[in-house]
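For reference, the structure discussed in these notes is given below.
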Protein chains: 2
Amino acid sequence: MAQKVTIATVARHAQVSRQTVSNVLNAPHIVREETRERVRASIATLGYRANQAARQMRTGRSRLIAVRIEPTRDGINGSVLDRFLHGLTEAAGAAGYRVLLYPAADAAGEIATYDDLLGAYELDGFVLTHTDHGDARADWLAEHGVPFVTFGRPWDDPGRHSWVDVDGAEGTAQATRHLIGAGHRRIAFVGWPAGSGVGDDRRAGWRSTLTAAGLDPTGLDRETPDGIRQGEQVARELLDHADPPTALVCTSDSLAVGALRAVRELGHPAAVTGFDDTPVAQVIGLTSVSQPLAEVAARCMDLLVALLDGARPTPPDPVLLAPTLVLRQTT
Amino acid sequence: MAQKVTIATVARHAQVSRQTVSNVLNAPHIVREETRERVRASIATLGYRANQAARQMRTGRSRLIAVRIEPTRDGINGSVLDRFLHGLTEAAGAAGYRVLLYPAADAAGEIATYDDLLGAYELDGFVLTHTDHGDARADWLAEHGVPFVTFGRPWDDPGRHSWVDVDGAEGTAQATRHLIGAGHRRIAFVGWPAGSGVGDDRRAGWRSTLTAAGLDPTGLDRETPDGIRQGEQVARELLDHADPPTALVCTSDSLAVGALRAVRELGHPAAVTGFDDTPVAQVIGLTSVSQPLAEVAARCMDLLVALLDGARPTPPDPVLLAPTLVLRQTT
DNA sequence: TTGTATGCGTTATCAG
DNA sequence: CTGATAACGCATACAA
């Protein structure tokens, strides 16, 4: 283990005071150019790295941001968080921040964790995922003055805080438009029960596109919890009908996988689209709506960094990104 | 934002000295019970949490461990890291540690990151994944005296450091034995090119099981990089033969997915097994070898904690866990 | 068993 | 622009 290199070591090596070294790091413009360069050279030679703990003690900032990692539920949609995390870690690194993971099963447990995390590590900020109506986590953080951004809208009040989201309605609208363009007239929707922000948004895209094209959605809208079995069940009910739909727009790849099973088993030639473009969709050739997760992550970091590094409080900044329809064999 | 609660606040509240509070936290046994309880009550009332930065500055330990997050390559096998990460974060939390993520594209970049991470955050330890022959990362960490464990064996020297791994040979052996039990006699292997620790291990399990059963592996062993297309290509070559194999044991779910395509397209009724039990396997009904990732993660943390909290240097501790064959429709 | 003094590495304040 | 000094919160050696 090499001898510890502190700011004092650098100061001695560069023949200046410690403070000058600190200035070179934190306010380079107030140091004479010649001195600045000499100090920088010393830093490079000695391999000096500012000690975060000491810096944090003085400034109260840790350059650490926290993200929750949740139990892989379905497995199918688990890869979404994975890709998001990777993008976030990269973007954070570029901005000089690191990502700290914390586990939490539910919202209550998550809030308890905030308290712990903030007390002990003084985290600079949070990135929340999976927002929903009346999100207690956002309320808690706002109340305690903790900077945060969310991947997902604050569904009750879009101006509440900074967020990044993907336009789910636009995603299902793209899928629906594509199906209409391919000649489909009876296009059903297999989605989650009404009441969730994300689910309702995706449903709205299908419905509005249908009515805009003069098609009637009546009797073609189904609600079910997420899951392959659930998707199959609901699709079966839709298809087992005198005048069955010829296409099914689904809120998730899990539901779409189930719907596809129903389609194949019943022998009805119906088109199916999913949502999230998971690996499963790629493998089974499922047409699916793809979210630009790397960009979502990068924009989340941008907003958070603006919040953290900004001199004055930034007004909430909403970012809505467009998804892409990835066409495959099921349409 | 509540007023900051320090050890002094607690001391005042409990009518003791700061030192006593510190003792209650770090060496409870040397404090009189009555005092101890009073201090603990104050801590609870005030919601005091030891400040990690200050503690770290004094002790040199951050209670942070680092794990690399890599770009989702295939997508199919990406979920493996995801599940592992979750288990690790939970286990770390239970042991009083937190997980810090760092991105790295290749081994060289990873080592450069170590230097950064250690200089700035003084991380307590690392968990490395995807070890291979002559792993430069492990060498670097060992050389610099940084505690670490690996998920994956040090293939060149099993006694080199502490590790946790899943017995890949046992996994493919289970698959092969199951196929033999089902009456198969010509069982081929679709695996990665020789030279990788993991790949060779899995291949060995197939080969030894075959020969132990008096079956001849000659001409049934194929090497290819990972990927669906590659798996399909190789399987096609194997099946397009006078005396084709009736079963294919594959090193990954990606290869198995490809093999399955070849099987279906050629109309040969051959059994197929994969490795990792990814969501894709679940969806398409692929029999696959499942790794106990949550347990791997927990054991990794156990070993690392032993390394970190142990009074004296612990001898390297190897942990080899058994995988499980998950039977589905493709066998 | 409890209290007192000191230093970890950094940045902020203030005098030169 | 540069240099000295204090303070952040905690843990430890030492004295009481």
Side-chain angles (χ1 to χ4, degrees), chain A residues 1-40 42-43 46-64 96 118-124 309 311, chain B residues 1-40 42-43 46-64 96 118-122 124 309:
Chain A
M1 193 85 91
Q3 191 60 30
K4 200 160 284 180
V5 179
T6 79
I7 215 168
T9 324
V10 177
R12 232 175 299 127
H13 186 271
Q15 314 262 34
V16 296
S17 73
R18 284 184 308 209
Q19 178 54 22
T20 303
V21 178
S22 176
N23 283 337
V24 170
L25 294 171
N26 303 306
H29 56 277
I30 69 168
V31 180
R32 195 180 355 138
E33 165 139 11
E34 182 200 319
T35 317
R36 203 194 312 151
E37 287 315 315
R38 198 170 73 238
V39 171
R40 288 211 169 122
S42 296
I43 288 178
L46 298 171
Y48 165 78
R49 303 219 192 299
N51 180 302
Q52 280 299 329
R55 168 175 282 177
Q56 172 181 348
M57 203 152 63
R58 197 69 189 101
T59 62
R61 308 212 8 213
S62 59
R63 303 204 75 82
L64 246 36
L118 290 168
Y121 292 92
E122 301 188 7
L123 297 171
D124 287 353
D309 293 355
Chain B
M1 194 86 90
Q3 190 61 31
K4 199 159 284 181
V5 179
T6 78
I7 214 167
T9 324
V10 177
R12 232 174 300 128
H13 186 270
Q15 315 263 31
V16 296
S17 73
R18 284 184 306 211
Q19 176 56 21
T20 304
V21 180
S22 178
N23 282 338
V24 170
L25 294 171
N26 303 307
H29 56 278
I30 68 168
V31 180
R32 188 167 16 120
E33 167 140 9
E34 181 201 321
T35 318
R36 201 194 312 150
E37 287 315 315
R38 197 170 73 238
V39 171
R40 287 211 169 121
S42 296
I43 288 179
L46 299 170
Y48 165 79
R49 305 224 191 293
N51 180 300
Q52 279 300 327
R55 168 175 282 179
Q56 172 180 350
M57 209 154 57
R58 197 70 188 85
T59 62
R61 310 216 2 216
S62 59
R63 304 206 73 84
L64 246 37
L118 290 169
Y121 292 92
E122 302 187 8
D124 287 353
D309 294 356

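Every chain is numbered from 1 and lettered A, B, ... according to where its sequence line falls, protein lines coming before strand lines. The structure displayed is predicted, hence computed values, not measured ones.
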Q | Base C:dT10 paired with A:R55 side chain (donor-acceptor, <3.5 Å) | A | no
Q) Does some side-chain heavy atom of A:T6 sit less than 4.5 Å from a side-chain heavy atom of A:N51? A) no
**Q.** Integer-rounded Å distance: D:dT12 C1' and B:I7 CD1
**A.** 12 Å
Q. Between B:I43 and B:L25, is any pair of side-chain heavy atoms under 4.5 Å apart?
A. yes
**Q.** Whole angstrom value for the distance that separates P of C:dT10 from CD1 of A:I43
**A.** 10 Å
Q. With a non-hydrogen cut-off below 4.0 angstrom, is A:A53 in contact with a base, only sugar-phosphate, or nothing?
A. nothing
Q.
In this structure, how many angstroms lie between the C1' atom of D:dA6 and the CE atom of A:M57, rounded?
A. 13 Å
Q. Can you find a pair of side-chain heavy atoms, one from B:R61 and one from B:D309, that are under 4.5 Å apart?
A. yes
Q. Rounding to a whole Å, what distance do you find between B:Y48:OH and D:dG9:C1'?
A. 8 Å
(Q) Any side-chain N or O of B:T35 below 4.0 angstrom from OP1/OP2 of C:dT2? (A) yes
Q) Nearest 0.5 Å, what's the CZ-CZ distance between B:R32 and B:R38? A) 8.0 Å
Q | C:dT2 phosphate, OP1 or OP2, under 4.0 Å from B:R32 side-chain N/O | A | yes
Q) Is any side-chain heavy atom of B:Q52 closer than 4.5 Å to a side-chain heavy atom of A:L64? A) no
Q. Within this structure, what is the CG-to-P distance between A:L46 and C:dG9, rounded to whole angstrom?
A. 15 Å
Q: In whole angstrom, give the distance that lies between atom CG of A:N51 and atom C1' of C:dT11.
A: 13 Å
Q) For B:R18, does the CZ atom have more than 12 heavy-atom neighbours from other residues, nucleotides or ligands under 6.0 Å away? A) no
Q.
From CZ of B:R36 over to P of C:dT1, roughly how many Å is that when rounded to an integer?
A. 9 Å
**Q.** Nearest-angstrom distance from the residue atom CZ of B:R58 to P of C:dT10
**A.** 16 Å
Q) For DNA chain D, what residues of residues 12-30 of chain B have any heavy atom nearer than 4.0 Å? A) B:Q19, B:S22, B:N26
Q: Sort out for me which residue in B:M57, B:R55, B:Q56 forms a side chain to side chain contact (heavy atoms under 4.5 Å, CB included) with B:S62.
A: B:Q56
